[in-house]
Amino acid sequence: MKGFRLAAMRRDRKRILEFLQYKGVAEIKESGFACGAFSKVDTRGDYIYCLKNSERAAMAVKALEERYQMQKPALAFLEGRKPVPPETIETAAENAGLLMQSAERILVLVDEINDARVKITQYKTREAILASWEVLPVCETFRGTAHTAAFIGSLSGEYTEQAVLDLIGGGFDPIYAEIIYTSPEQTNLFIIAPRAMEADLEKRLVAIGFTRPASPEQDKSPGEHKRDLERMRKKLEDSITEMESDIGKLAVHAHELKLTEDYYAIRAEKYRVINRLAQSKHTFILEGFVPDRDAPALKQALEENFTLSFDVFGVEDEDAPVYLENAKYIRALSGILESYSMPGPGEFDPLPVMSVFYYLLFGLMFSDAGYGLILVGVCGFLLWKYKNMDENWKDNLRMFLMCGVSTVFWGIVFSSYFGDVVNVISSIFIGREVGIPPLWFAPLEKPMLLLIFCLGLGIIHLTAGYLLKARHLLAHKRPLDAVFDAFFPLLILYPLVFIFMGSGMFNDMAGFRLSVPERLSDGLMWLSVLSMAGIALTAGRESKGAARYISGLYGLYNTLAGWLADTLSYSRLLALGLATSVIASVMNQLGSMAGGGVLGFILFILVFIVGQSMNLGINVLGAYVHSNRLAYVEFFGKFYEGGGRKFQPFSVHTKHIKIEEAVRNG
């Protein structure tokens with residue numbers, strides 16, 4: 001990564017920034033020249049304004065898509081952003097003001113429609129309540145006349161007029177009770193009695209649970225009030241129809257609003273960068289980072305198109321962002337690396353080595369040629385069909401395509417094709433079992449051999465981690481640290497591994513053994529012991545006194561326990577590989593339970609599709625998760641610290657479009 005400093009005339013600032021933004025290869029940092037004649041321009045207000053407009057335009061587009069079902073095809077997200085020339089952005093700039101008025105109008109209408117719908121719901125709720133009082137001829141607050149007292153309210157439960165009178169009891173003649181509404185839950189009453197009985201009747205009614213209506217209408221009967229609510233609701237419904245029609249007229253601007261959204265996003269990014277520049281009355285200074293490979297071309301292009309000074313220089317590792325340049329099938333794992341951490345200052349790119357083991361381990365855990373062919377076919381087809389898709393999706397598909405290739409390889413090695421589907425189909429529907437022999441061995445027949453192989457591959461994976469650590473230390477001119485921290489741990493394990501491979505136990509597990517002479521075995525044992533002593537004496541070298549030796553012994557313990565625990569963790573390769581094959585075979589057996597014939601064949605196909613699809617989904621997820629774990633914990637744990645900052649170039653970050661031309665001349 002290189003640093004650069006650009007100085008140019010202020011009148012060219014807009015064109016230079018557009019040039020850099022469309023080029024997309026330079027990261028702009030805070031300028032250190034903001035002193036004396038140079039100062040910074042506060043563009044935070046403009047940045048917030050453009051960002052807000054972009055968000056408001058996006059909200060308007062979303063509202064239109066939701067209302068008018070501007071549905072995209074199921075895989076539309078793979079089609080990528082539409083390429084457009086820079087002139088399209090200029091056109092969007094000219095119409096941005098009018099289109100933002102349309103966007104705001106859409107959002108206002110949407111808010112008004114939502115408010116109207118809330119009121120309609122409230123009106124409907126109130127109408128439902130009033131429906132039980134609709135036949136009441138007076139308002140709910142009516143209390144009687146000069147000579148009569150009126151009681152309007154409800155009782156819980158369902159009653160007849162006589163039942164109500166019986167509940168009230170004697171001594172209240174004459175009294176009139178009318179049932180306004182009744183249901184199993186509630187009975188609404190209208191009771192009239194002489195004014196002289198009002199107080200006593202009030203007490204009796206309260207005693208039996210009589211309650212008056214809550215929030216009654218003051219000057220209208222329930223029926224009149226209900227009809228008023230119906231009119232207001234109808235008016236709101238008509239207004240919603242009218243507002244939806246207005247939004248429909250604005251829906252023709254949906255595409256232009258998308259351009260407006262992206263236009264303001266581009267402007268917001270530009271104002272964010274302007275805030276980092278140092279400017280005088282007539283000039284400005286811009287500083288940042290550019291990848292090594294792009295620096296010469298960027299310098300040449302700028303000097304050809306503008307009058308400026310462009311200096312490129314080396315930068316301290318602590319200051320520079322991290323840019324990883326790899327072949328596309330190695331770069332496909334960048335997302336997995338980034339989710340852990342980018343390389344820290346002075347660290348090298350681990351992706352080339354990581355990718356080899358990642359693809360091998362994924363395929364070994366999945367290890368079925370049928371499933372691998374599905375991964376390869378689906379990912380390959382999507383990459384071929386959707387050539388304009390965003391790079392993130394391309395990387396994901398490339399990663400799973402390579403994982404599929406590895407899965408096919410291991411499936412052929414171990415003869416797993418949707419489990420034992422070839423054997424099952426031939427025996428059930430042909431009458432003679434035919435199988436495809438493995439290139440090496442069948443894991444279900446020799447699981448211990450597969451376990452030994454998985455642990456051996458794990459040791460190689462861990463060894464690669466230690467060797468990368470040695471490379472890092474040697475690159476930083478620390479050869480003794482490389483010997484103490486990388487080679488000593490390897491010299492502990494490998495002699496013991498060779499001794500074990502010459503033992504009878506290894507022969508029982510793997511079916512073969514190494515011929516290790518006794519003198520060589522003794523020498524290997526001494527080499528391992530001396531390496532242990534070396535770690536015990538050097539692991540605590542940063543401490544002093546007795547703490548040095550205690551730390552050394554603790555370091556030795558960690559090394560030995562680490563080798564044991566990390567190596568055993570690779571047994572998951574065996575477990576997941578066998579699980580894929582066994583579950584697939586179980587599904588095949590379930591599908592073949594009906595035997596041969598047409599019905600048996602139909603049942604087999606149904607069970608095969610459903611069962612194998614479930615097994616594919618479950619085990620591809622398991623292989624992905626555990627491949628990441630083996631990379632993060634076992635592999636990176638040996639050498640990788642991370643903590644770097646990803647290179648973030650000043651470029652066009654848009655949602656709907658991308659600029660066709662990488663460079664636009666001034």
Side-chain angles (χ1 to χ4, degrees), residues 353 356-357 360-361 364 440-441 446-474 478-543 545-574 630 633-635 637-639:
V353 177
V356 174
F357 286 101
L360 280 175
L361 297 176
L364 187 55
W440 187 9
F441 67 92
K446 298 180 179 180
M448 294 307 297
L449 177 58
L450 180 59
L451 176 61
I452 291 293
F453 174 71
C454 292
L455 297 181
L457 185 59
I459 290 174
I460 295 173
H461 193 205
L462 297 172
T463 300
Y466 275 114
L467 293 178
L468 290 176
K469 182 174 186 176
R471 173 188 169 185
H472 175 76
L473 293 171
L474 291 172
R478 296 166 58 188
L480 290 179
D481 288 341
V483 172
F484 299 154
D485 298 336
F487 292 116
F488 274 171
L490 294 176
L491 292 175
I492 287 177
L493 181 70
Y494 273 90
L496 298 178
V497 168
F498 281 107
I499 293 172
F500 175 68
M501 291 179 70
S503 67
M505 179 184 295
F506 182 83
N507 184 62
D508 294 338
M509 296 174 67
F512 68 93
R513 62 188 293 181
L514 293 180
S515 178
V516 181
E518 184 176 352
R519 294 183 62 182
L520 177 59
S521 179
D522 292 341
L524 291 173
M525 180 61 71
W526 276 108
L527 178 60
S528 180
V529 171
L530 290 174
S531 298
M532 293 181 194
I535 290 179
L537 293 173
T538 61
R541 58 188 179 275
E542 295 181 359
S543 302
R548 175 175 181 175
Y549 301 103
I550 295 174
S551 297
L553 292 173
Y554 183 69
L556 175 61
Y557 167 78
N558 281 339
T559 301
L560 296 175
W563 269 121
L564 178 63
D566 290 345
T567 302
L568 289 177
S569 70
Y570 287 85
S571 62
R572 72 185 71 244
L573 301 174
L574 165 72
L630 291 173
V633 179
E634 277 73 24
F635 184 59
K638 297 295 174 287
F639 70 97

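Since the model is a prediction, treat every value here as computed from it, not as a measurement.
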J.: Rounded to the nearest 0.5 Å, what's the gap from CG on L537 to CG on L530? Could you check?
T.: 10.5 Å

J.: Flag the pair P479 / L474 as yes when at least one side-chain heavy-atom distance between them is below 4.5 Å, and no otherwise.
T.: yes

J.: Hey, mind stepping through Y570 and I459 against side-chain contact (heavy atoms from CB on, under 4.5 Å) and telling me if it holds?
T.: CA-CA 9 Å; Y570 287 85; I459 290 174; over 6 Å; no

J.: To check you understand the geometry: which heavy-atom pair defines the closest contact between F357 and H461, and what is its length?
T.: CG-CD2, 3.3 Å

J.: If you look at every heavy atom in G555 and A539, which pair is closest and at what distance?
T.: CA-CB, 4.0 Å

J.: As an exercise, state the distance from CG of L360 to CG of L573, rounded to the nearest 0.5 Å.
T.: 10.5 Å

J.: Please report the closest heavy-atom contact between L451 and S571, naming both atoms and the distance.
T.: CD1-CB, 3.9 Å

J.: Quick one: do S521 and M525 satisfy side-chain contact (heavy atoms from CB on, under 4.5 Å)? Show the steps, please.
T.: CA-CA 6 Å; S521 179; M525 180 61 71; 5.8 Å; no

J.: Would T538 and V483 satisfy side-chain contact (heavy atoms from CB on, under 4.5 Å), going step by step from the backbone distance to the final call?
T.: CA-CA 10 Å; T538 61; V483 172; over 6 Å; no

J.: Work out which heavy atom in E634 is nearest to a heavy atom in S569; give both atom names and the distance.
T.: OE2-OG, 3.1 Å

J.: Rounded to the nearest 0.5 Å, how far apart are CG of D522 and CG of L527?
T.: 12.5 Å

J.: Side-chain contact test, heavy atoms from C-beta onward, threshold under 4.5 Å: evaluate it for L574 versus F453 and give yes or no.
T.: no

J.: What pairs of donor and acceptor atoms, side-chain ones from residues 488-508 against any protein atom, are under 3.5 angstrom apart with sequence neighbours left out?
T.:
| from | atom 1 | to | atom 2 | distance (Å) |
| --- | --- | --- | --- | --- |
| Y494 | OH | T463 | OG1 | 2.5 |
| S503 | OG | F500 | O | 2.6 |
| S503 | OG | F506 | N | 3.3 |
| N507 | OD1 | F512 | N | 3.4 |

J.: What verdict does the side-chain contact (heavy atoms from CB on, under 4.5 Å) test give for R541 and D481, after you've listed the backbone C-alpha separation in whole Å, the side-chain angles of each residue and the deciding distance to 0.1 Å?
T.: CA-CA 10 Å; R541 58 188 179 275; D481 288 341; 3.0 Å; yes

J.: So if I apply the ring-ring contact (aromatic ring centres under 6.0 Å, His included) rule between Y466 and each of F639, W563, F487, F635, which one comes out positive?
T.: W563

J.: If you look at every heavy atom in L449 and A510, which pair is closest and at what distance?
T.: CD1-O, 3.5 Å

J.: Looking at every heavy atom in both L455 and L568, which two are closest together, and how far apart are they?
T.: CD2-CA, 4.2 Å

J.: Hey, what do you get for CG (L462) to CG (D566), rounding to the nearest 0.5 Å?
T.: 5.5 Å

J.: Got a second to check how far R548's CZ is from I550's CD1, nearest 0.5 Å?
T.: 13.0 Å

